[in-house]
There are 2 protein chains.
Amino acid sequence: MHYKNDIFLKVVRGEEVPRPPVWLMRQAGRILPQYRELRASLKDFKELVETPDKAAEVTIQPIDELGVDAAIIFSDILVIPEALGLPYQMEEKQGPFFPKVISSASDIESLYSAEDAEARLQYVYDAIKITVKHLDGRVPLIGFCGAPWTILAYMIEGKGSKTFSQAKKFLYTEPLLAEKLLDKITDASILYLKQQVNAGAAHLQIFDSWAGLLSSEQYAQFSTKYIGRICSAIKGTGITVFAKGAMNALDDFAKLDCEVIGLDWTMEPDFARTKVGDHMVFQGNLDPCVLYASPESIRGYTIDMISRFGKKHIANLGHGVYPDTPLDNVKIFVNTVKEFKYNT
Amino acid sequence: MHYKNDIFLKVVRGEEVPRPPVWLMRQAGRILPQYRELRASLKDFKELVETPDKAAEVTIQPIDELGVDAAIIFSDILVIPEALGLPYQMEEKQGPFFPKVISSASDIESLYSAEDAEARLQYVYDAIKITVKHLDGRVPLIGFCGAPWTILAYMIEGKGSKTFSQAKKFLYTEPLLAEKLLDKITDASILYLKQQVNAGAAHLQIFDSWAGLLSSEQYAQFSTKYIGRICSAIKGTGITVFAKGAMNALDDFAKLDCEVIGLDWTMEPDFARTKVGDHMVFQGNLDPCVLYASPESIRGYTIDMISRFGKKHIANLGHGVYPDTPLDNVKIFVNTVKEFKYNT
């Protein structure tokens, strides 16, 4: 496939570019008035996720409005637990809630197979196909899934949590069952990502939202290992691994079969480069709260960030953009990156 | 003052001890049946905080029940904002809520002075005096306060938050006002801690619960600086600084006028020692979720932790003990530490 703007894919492939590419995690969302309008016409968040032409429409909105260098399919990491047999509700302002959770071996046995889960996610593949058709080669489309640890955390805890102490309790008390569940999530995620690529995704990102809650040992055992299996299985398509708060795991990430490591704003570029080595591209890592500041401050922080990363960098925030961020400030961030020129 | 058990204070002073001292953050709380019983007889959490003889009673309960090597006064870090003029409510299962928050220069102007705030906290000093009297030298009593950044975060956000994005927005948009408010909180905290010492506290701990939300630069500017001012002002009494998630700040903590640095369970003892140097004592850092595991696992993880820290270590969890932790498991943790013997 030929893209009119392929700066994102060039950086992923290690090619020279005049400036970093830029996009924002959660760019297809409440920061955009056209998103809020479309969303208000629907019953709920899940109707948007599960209606391919609507999901495609909001996926493309930030390309039109912000001029970012990549699109990311509008969906949710929790479609995987749902496809495995644990449906979720998305409560306004309260986050996800699972009426049924995993607490035993038989709960895990009774989940759908990875193949069945893959088949139950046709609406995502359809949304990707429609998006790719309408994007018409303007920019590449990123597909994604949650990291197995983060998905397991929701499947056990059943909702968001500051500590995810029930999920962590499961790791300490039922490590073999945890590994069995992680295996199943991993298998389903691999099939799911492969189908996203078949449908037209040009790059893939794995989100480990709750990486920061585990000790180094537990993270290596229950998260990096499974992220590694996913990366190895889908090698060939470019992959970004973004594990929020996983400062301790950066050494291990150096060995992953992926091209890009996402960093949050507490991870210093120099520190990360020392840990990860020169071969990886970094993505990130502006504090989302910088986008509340004045235009001058936003420009200053953005240029400082780009300068500190140097080349092999995809400009982004260190977390999803917060819903109440002023749209004009998001544009200042995007345009500051697009006007930047590396010294050659 | 002479203590029958002074192993905690000996380690703080750098003296040799046969094993690490042990206590738990939030040991005076819902893990104890006698606490739950007393709490049920009162209107709410704040009545307990503000009634000196009741606060003293629950402070002493874990000394009787668990045999830990230090007591910590039962109170809340949010008594400081309240004493400055922002009262809080503590909603069951929802956490703190401030009906009035800080959003402007005049809001800061209208706060009480640091001296007035100090005087409004007499109930804490009374609780300390009663506790010390009833402890009768069995173990030392730890006093505490929140770090200025964490207190400011609540005074602006008005409630708990995953991101504290309103508080962080204030740092980016109103840095001078933020510093003015931090100065005021710092002044009040210094006077407050001095009065806790006058009342009988033998050691002090500063809790920076939301350290992990700031970038390195912001943390240095808006937190470490003010923690440093507090430490320098109260030097003489032993001080512990516990900043959860402040991995990036460990270098700077090496220079603080304090004796002990608290670590959470994501901070590796070797890594922390390299950053902080040999002069500091470490406190921590078992994952609170380890206490959900089997007796054998709890013993194993505890001994592994002690071995990895070596000497100059106070055994504790890496966060407050979770309220649903089985009491027997807490006792296994405490007793494992107390039965440990360093190789001399």
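Values reported hereafter were calculated over all heavy atoms of this structure, with side chains retained and with hydrogens, waters and symmetry mates removed. The chains referred to below are lettered A, B, ... by the order of the sequence lines, with proteins before strands, and numbering in each begins at 1.
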>> With a 4.5 angstrom heavy-atom cut-off, is it the side chain or the backbone of A/Tyr301 that approaches chain B, or both, or neither?
In response: side chain
>> Quick check on A/Glu174 against chain B: is it the side chain, the backbone, both or neither that has a heavy atom closer than 4.5 Å?
In response: neither
>> Looking only at heavy atoms and a cut-off of under 4.5 Å, which of A/Phe271, A/Tyr219, A/Trp265 has the most pairs with chain B?
In response: A/Trp265
> Considering all heavy atoms of both residues, which atom of A/Asn248 and which atom of B/Thr266 are nearest to each other, and what is their separation?
Replying inline: ND2-O, 2.6 Å
>> Please determine whether side-chain contact (heavy atoms from CB on, under 4.5 Å) holds for the pair A/Tyr292 and B/Ser165, giving the CA-CA distance in whole Å, both sets of side-chain angles, and the decisive distance to 0.1 Å.
In response: CA-CA 9 Å; A/Tyr292 294 126; B/Ser165 60; 3.8 Å; yes
>> Looking only at heavy atoms and a cut-off of under 4.5 Å, which of A/Asn285, A/Thr173, A/Thr163, A/Val290 has the most pairs with chain B?
In response: A/Val290
> Side chain, backbone, both or neither: which part of A/Lys169 has a heavy atom under 4.5 Å from chain B?
Replying inline: both
> Do A/Met267 and B/Met247 have side chains that get closer than 4.5 Å, going by heavy atoms?
Replying inline: no
> Can you tell me if NZ on B/Lys159 sees more than 12 non-hydrogen neighbours from other groups inside 6.0 Å?
Replying inline: no
>> So for A/Leu214, is it side chain, backbone, both, or neither that comes closer than 4.5 Å to the heavy atoms of chain B?
In response: backbone
> Got B/Tyr172 and A/Asp287 here, is their nearest side-chain heavy-atom distance under 4.5 Å?
Replying inline: yes
> More than 12 heavy atoms of other residues, nucleotides or ligands under 6.0 Å from CG of A/Asp270: is that the case?
Replying inline: no
> chain A: which of B/Gln218, B/Glu217, B/His319 shares the most heavy-atom pairs with it under 4.5 Å?
Replying inline: B/Glu217
>> At a 4.5 Å cut-off on heavy atoms, which part of B/Leu171 comes close to chain A: side chain, backbone, both, or neither?
In response: neither
>> Surrounding CZ of B/Arg30 (heavy atoms of other residues, nucleotides or ligands, distance under 6.0 Å), is the total greater than 12?
In response: no
>> Does any backbone or side-chain atom of A/Asp324 lie under 4.5 Å from a heavy atom of chain B? Answer side chain, backbone, both or neither.
In response: side chain
